[in-house]
Amino acid sequence: MSEQGATKLSPKVLLIDPVRMLPSLLIPLVGVLFVGGFSPRSFGWAAFGVLGTIVFAVVRWATFSYRLVGDRLEIRRSLISRSVRTIPLERVRGVDISTPPMHRLLGLAVLKIDTGASGGGEQEGELDGVSVAEAERLKDVLLRSVRAARAATGLDGGPEGHGSVAAPPLAEGQAVHRPGGASPDTSLERPFEEPQEHVIVKVPRRWLLYGPLSGAFLFTPFAVAGGAIGLLFQWGDQLGLGRDAAWNAGRWVWDHPILIVAVVLALIVAMPFVAAVMYAVFNWDFTLKEREGYLVAERGLVTRRSVSLEARRTRGYEIVDALAERRAGVVRMWAIVTGLGDSETRGQLLPDVPRPVALEVASQSVGPFTAPLRPHPPVARNRRLFRAIVPWLALAAVPAVLAVATATPAWWIPVAVALVLAGLGVPLGNDRYRSLGHGYDGVRLLSVRSGSLRRSQAVIERRAVVGWRLRQTWFQRRAGVLTLVAGVGAGKGGYEAMDVSKEQGVAFPAEVTPEWLTPFLTRD
């Protein structure tokens, strides 16, 4: 790609755009055919609609271009009104490459540029339909340009603390190789070469079996069944099944409860298998690499995705495990990165892997957190037990009153179910309390943890903290506790230590950032 001339997307994208537009046109086109009685005129109007999508795709392709000019990337569109989006290179936080199925068949890719300016999941720049080679070359040019621009302005002073990742000695299936050689060439004029990289961890395929433990995609069978029923009602008239026929079918199914129970049981049995398949499709060959100052996470079977995160902007990590994952000793991990949009998906460093592997990678990327977590006051346990038990007891009271008032034994069934759930609330509330904690290693890392069914522990660098906030609900005021929020310029923007005592709420910020609070605490 020349800096001087603008470049268009690959013409092959014209084979993709009309196909992607067809789902939105399918219902109108079918409606035209049915209204026209499948006459030649109706087929002509349908063909005109398809031709219109092709013409629109051609015009959009012809009026879109991009080019790298000096210290910025320009993306131009002139479909109806001309617009130029300028992305300064020093604002680029990451470059992602994905290859959806149709793109992969044609050798194309989608390149997304994240500047952290959108504040959400939307990337600021997207090139949908460049060749895979051009995407990799452009990614290399952009990232090298970013480093060169920051070095020229003095903004790239190298990583602070643990800003780079070294290859940890991991188990079999996680081969690590650091190629030797001179430092990378930052010249923008050299031809594209495969960048220097080393693999931090490559997730063995057998670990994909941990996927259903996270609960991800677990309810996919029910979602598919619900979608099929919805389509049946929506397309019933076109398929010759009127609304009366649908209601009659529903009434027949209702009159055969054994069939309903069998279908529900089949869906329940299918849940872990379907979840495992879906999880494997999205996380196939998950590989975490370090490439010239960037953390690169690659994954996916049908759609292959490559996400690049600037290592020097990593400010911590978040380890998450559900109850079943905790029993199996596996966790998931996300990076806490400044200026990262859509951190819930783009920041993922590891899918379900054994906890020691995740801790080793976290230790190498940010630093080990070895300080113990401090317990929260006993009143925090009482609050969790109350919320886990009392709602079920209140729910049990309603059918119990109806059972006594109407002398109907069937009402005792929901009473028994609610009481069982209230009993299960005791270990759940205790586990939620044991999961609470916050700590500081006295040097550079602080941590907060909470949750039970989904437990999350965030480890954050002290330098990432930009402020503190104390939040207290009416119930917390009655209990004498509060929620302490560490505001950070990365990740979710804030991490909570819930139900700490008032003393802890004052002492912890003073310990972590004494230069901020000491003048106020010592003021007369």
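Only a predicted model underlies this, so the values are computations on that prediction, with no experimental measurement involved.
- Under a 4.0 Å N-O distance rule, the pair Arg326/Asp431 qualifies as a salt bridge.
- Between Ser365 atom OG and Glu290 atom CD the span is 10.0 Å, to the nearest 0.5 Å.
- Of the charged side-chain nitrogens involved, at least one lies within less than 4.0 Å of a carboxylate oxygen, so that Glu298 and Lys289 count as a salt-bridged pair.
- A distance-only check finds a donor-acceptor pair linking the side chain of Lys8 to the backbone of Ala62 [under 3.5 Å].
- Ring planes of Phe217 and Tyr279: perpendicular class, angle over 60° (limits at 30 and 60°).
- When all heavy atoms of Val302 and Pro101 are compared, the closest pair comes out as CG1-CG, 3.0 Å.
- Here OG of Ser98 is found 5.5 Å from NZ of Lys112. Values are rounded to the nearest 0.5 Å.
- The pair Glu325-Arg327 does not meet the salt-bridge criterion, since no charged nitrogen lies less than 4.0 angstrom from a carboxylate oxygen.
- You'll find the side chain of Leu295 reaches within 4.5 Å of the side chain of Ile200, heavy atoms only.
- Within the 3.5 Å criterion, the main-chain N or O of Val13 finds no donor-acceptor partner in the side chain of Ser10.
- At least one side-chain heavy atom of Tyr66 sits under 4.5 Å from a side-chain heavy atom of Leu127.
- Gln457 and Ser447 make their closest contact through NE2-OG, 3.0 Å (heavy atoms, listed as atom of the first residue, atom of the second, distance).
- With values rounded to the nearest 0.5 angstrom, Met102 atom CE is found 7.5 Å from Leu15 atom CG.
- No side-chain heavy atom of Met333 sits less than 4.5 Å from a side-chain heavy atom of Glu318.
- For the side chain to side chain contact (heavy atoms under 4.5 Å, CB included) with Glu461, the lone residue among Leu445, Val488, Ile336 that qualifies is Leu445.
- Val353 pairs with exactly one of Val203, Val330, Val201 by the side chain to side chain contact (heavy atoms under 4.5 Å, CB included) rule, that one being Val203.
- Within the 4.5 Å cutoff, the side chain of His103 has no heavy atoms near those of the Leu105 side chain.
- Rounded to the nearest 0.5 angstrom, Tyr210 OH and Asp352 CG are separated by 9.0 Å.
- Remark: the backbone N or O of Leu350 is paired with a side-chain donor or acceptor of Gln348 at under 3.5 angstrom.
- When atom types are taken as modelled, the side chain of Arg449 and the backbone of Ser435 share a donor-acceptor pair closer than 3.5 angstrom.
- With Ser65 contributing its side chain and Ala6 its backbone, the two residues share no donor-acceptor pair below 3.5 Å.
- The backbone N or O of Arg304 lies less than 3.5 Å from a partner atom in the side chain of Thr99, making a donor-acceptor pair.
- Put simply, the side chain of Thr314 never gets that close to the backbone of Gly316: no donor and acceptor are under 3.5 Å apart.
- The distance from atom CG of Asp140 to atom OH of Tyr294, rounded to the nearest 0.5 Å, is 10.5 Å.
- Counted within 6.0 Å of CZ on Phe282, heavy atoms from surrounding residues, nucleotides or ligands total 12 or fewer; the atom is thus considered open.
- For the pair Leu73 and Arg67, the tightest heavy-atom approach, listed with the atom from each and the gap, is CD1-O, 3.3 Å.
- When all heavy atoms of Val264 and Phe222 are compared, the pair lying nearest together is O-CZ, 4.3 Å.
- In this structure, Leu208 and Ala280 approach most closely via the heavy-atom pair CD1-CB, 3.9 Å.
- A 4.5 Å side-chain heavy-atom check between Leu138 and Leu68 finds every atom pair outside the cut-off.
- At a threshold of 4.5 Å between non-hydrogen side-chain atoms, the residues Arg355 and Asp321 count as touching.
- At most 12 non-hydrogen atoms from other residues, nucleotides or ligands lie less than 6.0 angstrom from CD1 of Ile258.
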**OP:** Mind running side-chain contact (heavy atoms from CB on, under 4.5 Å) on Val296 and Leu288 for me, showing each step along the way?
**Re:** CA-CA 6 Å; Val296 182; Leu288 181 65; over 6 Å; no

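- Contact record, Glu74 with Arg72: OE2-NE, 3.0 Å, taken as the closest heavy-atom pair.
- Rounded to the nearest 0.5 Å, atoms CD (Glu136) and CG (Leu111) are 9.0 Å apart.
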Original post:
Between Ile75 and Phe64, does a side-chain contact (heavy atoms from CB on, under 4.5 Å) hold up when you go through it step by step?
Top reply: CA-CA 8 Å; Ile75 299 177; Phe64 181 93; 3.5 Å; yes

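- The closest donor-acceptor contact from the side chain of Trp61 to the backbone of Leu9 lies under 3.5 Å.
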Original post:
Ile97 and Arg305: side-chain contact (heavy atoms from CB on, under 4.5 Å), yes or no, with the steps?
Top reply: CA-CA 6 Å; Ile97 295 177; Arg305 186 178 187 186; over 6 Å; no

Original post:
Hey, mind stepping through Phe286 and Asn283 against side-chain contact (heavy atoms from CB on, under 4.5 Å) and telling me if it holds?
Top reply: CA-CA 5 Å; Phe286 193 108; Asn283 293 284; 3.9 Å; yes

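- For the pair Tyr495 and Ser456, the minimum side-chain heavy-atom distance is 4.5 Å or more.
- With a 4.5 Å cut-off on side-chain heavy atoms, Asp285 and Arg205 count as touching.
- A salt bridge does not link Asp96 with Lys139: every distance from a Lys NZ or Arg NE/NH1/NH2 to an Asp or Glu carboxylate oxygen is 4.0 Å or more.
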